> 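Attaching a single structure in structure tokens format; questions to follow.
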Amino acid sequence: MSAKLEQLKAGLTEALGDKISLVVEEKGQLIVEIKAADLTAAMAMLRDTPSLAFSQMIDACGVDYAEYGGNWDGARYAVVYQLLSIQHNWRLRVRSFCPDDDFPIID
């Protein structure tokens, strides 16, 4: 992991703490997984924490993981956000799984 991504990971861990369920690096970008109950507060912290300053949402989409990788064994539906910190030139993918597969809704 590059020094820049290590710095971002440290900043995310410090700001979000136990709101983070998972942090992984994929193709030079960090992916952070947030519990659905903490999503709204975590997104506000990502925006308002000066050391992070994610001021732009590039993309938001829903993902159905039912057939993902041929053998997915987790929650089925997720919301995925692509964020950009213009100030720090960082990109971040935030993923949050819907807690109920039968009625997939998230704040």
Side-chain angles (χ1 to χ4, degrees):
M1 188 178 295
S2 73
K4 189 171 183 175
L5 288 182
E6 286 288 348
Q7 182 183 2
L8 175 55
K9 184 178 179 181
L12 290 168
T13 303
E14 182 179 329
L16 299 178
D18 64 349
K19 289 179 176 39
I20 297 174
S21 332
L22 177 71
V23 178
V24 294
E25 178 192 359
E26 188 176 295
K27 299 178 183 176
Q29 181 181 22
L30 285 183
I31 302 168
V32 66
E33 195 170 293
I34 308 277
K35 297 174 205 139
D38 297 327
L39 183 61
T40 303
M43 294 294 272
M45 292 169 104
L46 290 169
R47 180 194 63 208
D48 298 337
T49 303
S51 63
L52 299 173
F54 285 97
S55 59
Q56 186 172 10
M57 181 174 56
I58 299 169
D59 190 24
C61 66
V63 180
D64 180 353
Y65 284 93
E67 301 293 324
Y68 185 76
N71 191 14
W72 184 255
D73 188 31
R76 181 174 177 175
Y77 299 104
V79 177
V80 179
Y81 301 94
Q82 297 286 346
L83 304 179
L84 173 64
S85 172
I86 296 169
Q87 180 180 349
H88 300 292
N89 192 26
W90 286 335
R91 293 178 184 266
L92 179 67
R93 182 178 302 159
V94 177
R95 178 172 60 189
S96 187
F97 283 93
C98 298
D100 184 357
D101 286 345
D102 293 328
F103 191 66
I105 191 167
I106 201 163
D107 286 343

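Here the structure is a predicted model, which is why all the values come from computation and not from measurement.
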> Atom CD1 in I106, atom CZ in F97: separation rounded to 0.5 Å?
10.0 Å

> May I ask you to decide if T13's main-chain N or O and K19's side chain share a donor-acceptor pair within less than 3.5 Å?
no

> Quick one: are I20 and L12 in side-chain contact, heavy atoms under 4.5 Å?
yes

> V32, M43: one ILVMFWY side-chain cluster at the under-4.5 Å cut-off?
yes

> Could you go step by step and tell me if L83 and I58 meet the side-chain contact (heavy atoms from CB on, under 4.5 Å) rule?
CA-CA 6 Å; L83 304 179; I58 299 169; over 6 Å; no

> Of all the heavy-atom pairs spanning L84 and R91, show the shortest one and how long it is.
CD1-CG, 3.9 Å

> Work out which heavy atom in S51 is nearest to a heavy atom in W90; give both atom names and the distance.
O-CZ3, 3.1 Å

> Taking only residues at least two apart or on different chains, which pairs with a member in residues 75-84 satisfy salt bridge (Lys or Arg N to Asp or Glu O under 4.0 Å)?
D64-R76

> For a quick test of reading the model, state the closest non-hydrogen atom pair linking S96 to I34 and the distance between them.
OG-O, 2.9 Å

> If I take atom CD1 from residue I105 and atom OH from residue Y77, how far apart are they, to the nearest 0.5 angstrom?
13.5 Å

> Measuring from L92:CG to M57:CE, what's the distance to the nearest 0.5 Å?
13.0 Å

> Under 3.5 Å, side chain of S2 to main-chain N/O of L5, donor-acceptor pair present?
yes

> Please determine whether the number of non-hydrogen atoms from other residues, nucleotides or ligands lying under 6.0 Å from atom CG of D48 exceeds 12.
yes

> I need the minimum non-hydrogen distance between P50 and H88, along with the two atoms involved.
O-NE2, 3.0 Å

> Could you go through Y81 and R93, starting from their C-alpha distance and side-chain angles, then the distance that decides it, and tell me whether this counts as side-chain contact (heavy atoms from CB on, under 4.5 Å)?
CA-CA 6 Å; Y81 301 94; R93 182 178 302 159; over 6 Å; no

> Which atoms form the tightest heavy-atom contact between A78 and Y65, and what is the distance?
CB-CE1, 3.6 Å

> Write out all pairs satisfying salt bridge (Lys or Arg N to Asp or Glu O under 4.0 Å) with one or both partners inside residues 33-42, taking only residues at least two apart or from two chains.
E33-R95

> For the side chain of S55 and the backbone of S85, is there at least one donor-acceptor N/O pair under 3.5 Å apart?
no

> Ignoring hydrogens, what is the shortest heavy-atom contact between L52 and L8? Give both atom names and the distance.
CD2-CD1, 3.9 Å

> Begin from the C-alpha positions of V94 and L46 and carry the test side-chain contact (heavy atoms from CB on, under 4.5 Å) through to its verdict.
CA-CA 10 Å; V94 177; L46 290 169; 3.9 Å; yes

> Is F54 reachable from I31 through a run of I, L, V, M, F, W or Y residues, each pair having side-chain heavy atoms under 4.5 Å apart?
no

> What residue pairs, at least two apart or across chains, pass salt bridge (Lys or Arg N to Asp or Glu O under 4.0 Å) with a residue in residues 7-18?
none

